[in-house]
Protein chains: 2
Amino acid sequence: MDNFEFYRPTKYYFGRKIEENVGSYIKESGKSRVLIVLGGGSCVKSGLLARVEKSLNDLGIFYVEIGGVKPNPRADLVYKAITLGREKDVDFILAVGGGSVIDTAKAAAIGIVNDGDFFDDFFIGGKTVTKALQTGVVLTIPAAGSEGSNSAVIQKEINGKIIKQGLSTQFNVPLFAVMDPELTVTLSNYQTACGAVDMMAHVMERYFTNTKDVSITDRLCEAVLLSIIETVPRVLADPTNYEARANLMWAGTLAHNNMCGVGREQDWATHHLEHQLSALYDVAHGAGLAVMFPAWMEYTFSHNVMRFAQFANRVFGVTMDFEDPSRTAKQGINALRSFFKSIGMPLSFADIGAKAEDIPRMLNFLGIDDHTEGHFMVLNRADCEQIYKIAATYHC
Amino acid sequence: MDNFEFYRPTKYYFGRKIEENVGSYIKESGKSRVLIVLGGGSCVKSGLLARVEKSLNDLGIFYVEIGGVKPNPRADLVYKAITLGREKDVDFILAVGGGSVIDTAKAAAIGIVNDGDFFDDFFIGGKTVTKALQTGVVLTIPAAGSEGSNSAVIQKEINGKIIKQGLSTQFNVPLFAVMDPELTVTLSNYQTACGAVDMMAHVMERYFTNTKDVSITDRLCEAVLLSIIETVPRVLADPTNYEARANLMWAGTLAHNNMCGVGREQDWATHHLEHQLSALYDVAHGAGLAVMFPAWMEYTFSHNVMRFAQFANRVFGVTMDFEDPSRTAKQGINALRSFFKSIGMPLSFADIGAKAEDIPRMLNFLGIDDHTEGHFMVLNRADCEQIYKIAATYHC
């Protein structure tokens, strides 16, 4: 096991109607001037925003709002949030939404208190974050795990090139996360399934590792995957099933708060490969991951057949073929694809409107000539090209 | 799933030689006057204490030490620690040891800054803790999970009656825990096995619940149990195996930081039944739990046969008997006993020198006439008596 540090001081408030207390959670932290970051109009329509506003009003907490965050969140809106936050002298950012809203809030929390350009300096410039406002979250889409993670991903177009870039820092860890599973019962089955794939991908990026002898985190990864796999079909069959929604929501947090990743090398190539699909076609991140993860697996499984056989056996119950473990490994990849298909996810370029002839652009956006991708298997340009080609040519 | 709050802001520093930085972790917190709490002489002999002292000396951090904490930690030493801590005006407590040392440190951290009697007021008096000094931990025995938990257990003799009592409060959550698996390679196989049973008990107290539909925490509980079960024999076969020791050490933290317990009713009857064995015979807590847990299971499994069948099947790989799940359930209890036996643990009163004729005293110490025990099955005096009798009469 590798040496590690683990520090996740987010306070989780989980359960029915818990969002009605959000004002008191802010007040406890001593903050009083809040920038609320929002997505589209769904939290207005549902009455959630009104409940959050009432909670703040009741305690005399000042707030100002900025809406319009879209999936694959853009730097543009972060700049607007920074300007507004500075104008109104806010001391706290409250994200009401899913991963894109939370990541926009995190980026604004850094940008408001730092001179210079938040994206150029910190996201791609490698400058170390030394200060940021604190953020809180009212979660409405379980998927990204950003409510408990130290990361944020923002997209910016620079000189015609779309750059989707993540930033990991302890300053990105939210102060609190308010998680009411009832807020998620209105999500469409497509949104729910995309979220589940994102969660599974967060675990699998950590599961496929070269670090030996990490039984405890292996088992935790398998546990979270097993729970997601048994829960999602129940949610899709009955979207109003509170209990199933609750299990899925908490699984999304545990999938990405790094409990499943400490002490081991992690991969993350597939996330980066997928980001280029999201950037080019504005496809949902989870849907892109459903296409890319099995493709990455097909290309890399021979690097450690027994790890893939363990995945197949423990997560999907594939019977171990002791004479030919590679058969077990391949069956596991097939089982993953079958599961994705069963929950309505795409499996190929064709399914998401991506085009094989765009692969050179994807590789260009990825910037793969300047670096390698992944750690389980270190991938160069030719490797990444092959993985995109597997995704492009896959047919059920 | 029940509503819950989860807040575990402990910073974990995990890995080889990490204890050499303990001074800087204290300094980062702004503290400068430390009471170091110690057990016996093993951390002197091993050179650990010298390394900790050097780390504090190098940064000019004042410290004073109190040693002699024993298993089943006594209130007497807490009172001494409180007096010393007040005399020396300390602002931080550093526990260097295992669960008993950590719990002594936690109790002293409460006692130093509160008037009155820490035990009578807070542990048995029900007074709410509103302030305490912060604690840090250098862990030497993975077992109690106290390095990441909100609980402490202290033993005090009042009017000839030995009271072993726990206290749970957010103030008991350590600021940091320094965890170097190398520090544990000198533990005897008996100590190691006792620790493993304690960890497993912490998970099982949470696993056997009446709360329905908690797939994610069920799976996490099973994951931690599976990892402990596959790791302990490796440690016992080669006590110097760093990797196996590391997995076991981290499992001990996850078993009791409540990650495995959120959103569900927990039981804890077995812990309370065992505390009376520890109090009467000064038996190691883990050894007492190895005797009491299977006895509790035998008495309660018919309350929810399918939950015990799930435990048997998923944790011990017992083939599910679909015609008679109670057979599966019983096989799971047998498998647990076999595992305990295989790692050198006692299974009966005879194995630990406990006597059936003392059962009335155990029930008296438990104070069972004033309350009930447990939540999975609510136990009255007659129930507890029967469970003690199962443990008393068990023969391999």
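The chains referred to below are lettered A, B, ... by the order of the sequence lines, with proteins before strands, and numbering in each begins at 1.
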Is it the side chain or the backbone of [X] that comes within 4.5 Å of chain A heavy atoms, both, or neither?
{"X": "B:Lys212", "result": "backbone"}
{"X": "B:Arg314", "result": "side chain"}
{"X": "B:Glu222", "result": "neither"}
{"X": "B:Phe176", "result": "neither"}
{"X": "B:Arg16", "result": "both"}

Would you please classify the geometry between the A:Phe14 ring and the B:Phe4 ring as parallel, tilted or perpendicular, with 30° and 60° separating the classes?
-> parallel
Evaluate the ring planes of B:Trp250 and B:Tyr12, with Trp represented by its six-membered ring, and classify them as parallel (under 30°), tilted (30 to 60°) or perpendicular (over 60°).
-> perpendicular
Counting heavy-atom pairs under 4.5 angstrom with chain B, the leader among A:Gly15, A:Ser227, A:Ala223 is A:Ser227
Counting heavy-atom pairs under 4.5 angstrom with chain B, the leader among A:Ser215, A:Pro181, A:Ala177 is A:Ser215
Greatest number of heavy atom pairs closer than 4.5 Å to chain A - which of [options]:
{"options": "B:Leu248, B:Leu226, B:Ile228", "answer": "B:Leu226"}
{"options": "B:Asn247, B:Val262, B:Ile18", "answer": "B:Asn247"}
{"options": "B:Val224, B:Val214, B:Thr231", "answer": "B:Val214"}

More than 12 foreign heavy atoms under 6.0 Å from CE of B:Met306: is that the case here?
-> no
Aromatic ring proximity, centroids under 6.0 angstrom, B:Tyr7 and A:Tyr25 | no
Are the ring centres of B:Phe208 and B:Phe308 closer than 6.0 Å?
-> yes
Salt bridge flag under 4.0 Å for residues A:Glu182 and A:Lys17 =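 Here A:Glu182 pairs with A:Lys17 in a salt bridge, since their nearest N and O are under 4.0 Å apart.
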Check against salt bridge (charged side-chain N to carboxylate O under 4.0 Å, His left out), B:Arg219 and A:Glu230 | CA-CA 11 Å; B:Arg219 292 290 188 182; A:Glu230 68 198 6; 2.7 Å; yes
